[in-house]
Amino acid sequence: MNIGIKVENLFKDMGPSHAIQGVSLNLEPGLLHGLIGPEGSGKTTLLRHLIGLLKPDQGRVVYLEGGKPVPLDEVRSRMAYMPQLQSLYSDLSIGEHLDFFRELYQIPPKVYRERRKELLAVTRLGPFVDRPAGQLSGGMYKKLGLMCALLQSPNLVLLDEPTTGVDPISRREFWEMLYRLREEGILIVITTAYMDEAERCDRVHIMERGRLLATGEPQEILKREKVENFEKLFLKYDAKGPAKEKAEIR
């Protein structure tokens, strides 16, 4: 059954800074959601709350299955999390990584063979299955990390800036993979600082300095704010200033 998430009035202090300040949003299943914002905007901190790695100082994260609240423990096994800095083993090949995660997830042999074949085809890494991770390009390395996360067929995928440092062709191929996942009814949440990637999402949630500035369909937000793209939108937010932003943009 599909998984959704609601974030309700979330606050989190990290040392002297307010990492998350009163964020509320609805992450609907079957859609590709983007947490968009520059470095230090609170995207990664919010994502770590969604996966259960951090506990809020105030507010809560509610997990929904079939529209009904369920405990995190009931959906944790169906979550896939890909951190920004992946910890793959440089001396293990692509195939050896997949075998390792099969053992970790206890995937039945027949299911594993079919899933492995499918993932290698989608990522186009089949010809390189014997290549060690330490010899992969940046884009291939990110694809391997995503394959390892998807091996257990999750219902919820959380990706922290997966295209950072990736060449344009690999970025495009990565997004094509995400669109295929979305067609399976999976909830996908991706963080990115690339403004052009905001328009590739079904829903965007614009963050800056720990606050949620705007949320909705990309083109609706651009039309409402009367700007051509998200780069100009952030320039507009900067011109307004923090106090005015909070009053006018919700």
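Values below: every heavy atom of this structure, side chains too, minus hydrogens, waters and symmetry copies.
Note that CD of E28 is 5.0 Å distant from CZ of R203, once rounded to the nearest 0.5 Å. Atom NZ of K12 sits about 11.5 Å away from atom CZ of R48, to the nearest 0.5 Å. With rounding to the nearest 0.5 angstrom, the CE atom of M14 is 9.5 Å from the CG atom of D57.
With contacts defined as side-chain heavy-atom distances shorter than 4.5 Å, the pair L213/M207 does not qualify. Side-chain atoms of L120 and R124, non-hydrogen and from C-beta on, never get closer than 4.5 Å to each other. Residues E217 and V204 fail the side-chain proximity criterion, which asks for heavy atoms closer than 4.5 Å. For the pair L27 and L50, the minimum side-chain heavy-atom distance is below 4.5 Å. Here the side chains of L146 and L159 are in contact, with some heavy-atom distance below 4.5 Å. Side-chain atoms of L64 and I3, non-hydrogen and from C-beta on, never get closer than 4.5 Å to each other. Looking only at side-chain heavy atoms (C-beta outward), L31 and I188 stay at 4.5 Å or farther from each other. In this structure, Y63 and P71 have side chains that are not in contact, with every pair of non-hydrogen atoms separated by 4.5 Å or more.
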Apply salt bridge (charged side-chain N to carboxylate O under 4.0 Å, His left out) to residues D73 and R76 and explain how you reach the verdict.
CA-CA 5 Å; D73 288 343; R76 194 189 299 274; 3.4 Å; yes

Do V189 and V157 pass the side-chain contact (heavy atoms from CB on, under 4.5 Å) test, and can you show the C-alpha distance, the side-chain angles, and the key distance before you say yes or no?
CA-CA 6 Å; V189 183; V157 178; over 6 Å; no

Should L46 and L25 be marked as a side-chain contact (heavy atoms from CB on, under 4.5 Å) after you check the CA-CA gap, both sets of side-chain angles, and the distance that decides it?
CA-CA 11 Å; L46 178 56; L25 51 83; 4.1 Å; yes

CA sep, side-chain torsions, deciding dist, call: R116, V129, side-chain contact (heavy atoms from CB on, under 4.5 Å)
CA-CA 11 Å; R116 183 181 189 271; V129 70; 3.4 Å; yes

As a quick check of understanding, evaluate salt bridge (charged side-chain N to carboxylate O under 4.0 Å, His left out) for R78 and E65, giving each step before the final call.
CA-CA 11 Å; R78 287 173 285 155; E65 186 171 21; 2.9 Å; yes

Pair T123-F174, side-chain contact (heavy atoms from CB on, under 4.5 Å): steps then yes or no
CA-CA 8 Å; T123 58; F174 204 95; over 6 Å; no

Would E183 and R180 count as a salt bridge (charged side-chain N to carboxylate O under 4.0 Å, His left out) here? Give the steps.
CA-CA 5 Å; E183 291 173 0; R180 291 190 184 98; over 6 Å; no

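Using modelled atom types and a 3.5 Å distance limit, the side chains of S24 and N9 yield no donor-acceptor pair. Donor-acceptor pairing under 3.5 Å is lacking for the side chains of D130 and S93.
Between P154 and M79, the shortest heavy-atom contact is CB-C, 4.1 Å. Nearest heavy-atom pair, S90 versus P132, reported as atom, atom and distance to 0.1 Å: O-CB, 3.5 Å. Between Y112 and I107 the shortest heavy-atom distance is N-CG2, 3.7 Å. Counting all heavy atoms, side chain and backbone alike, K43 lies closest to I36 at CD-C, 3.8 Å. Across every non-hydrogen atom of E103 and Q106, the tightest pair is O-NE2, 2.7 Å. Summarising the geometry of P218 relative to E199, their closest heavy-atom pair is CB-CA, 4.1 Å, with the distance given to 0.1 Å.
Here the rule is side chain to side chain donor-acceptor pair (under 3.5 Å) with T191, and of D160, T45, T164 only D160 fits it.
Within 6.0 Å of atom CD in E176, more than 12 heavy atoms from other residues, nucleotides or ligands are found, so the atom counts as buried in its surroundings. Other residues, nucleotides and ligands place no more than 12 heavy atoms under 6.0 Å from the CZ atom of R60. Other residues, nucleotides and ligands place more than 12 heavy atoms under 6.0 Å from the OH atom of Y105.
Listed for the N155 side chain is no donor-acceptor partner under 3.5 Å among the backbone atoms of I186. Panel note: side chain K236, backbone E225; a donor-acceptor pair is recorded below 3.5 Å. Panel note: side chain R224, backbone Q219; no donor-acceptor pair is recorded below 3.5 Å. Looking only at distances, no side-chain donor or acceptor of S170 sits under 3.5 Å from a matching main-chain atom of D167.
A parallel orientation is assigned to the rings of H205 and H33, their planes being inclined by less than 30° (bins at 30° and 60°). Under the 30°/60° scheme for interplanar angles, the aromatic rings of F101 and H97 are found to lie parallel.
At least one test fails for R200 against the ring of Y179: distance under 6.0 Å to the centre or angle within 45° of the axis.
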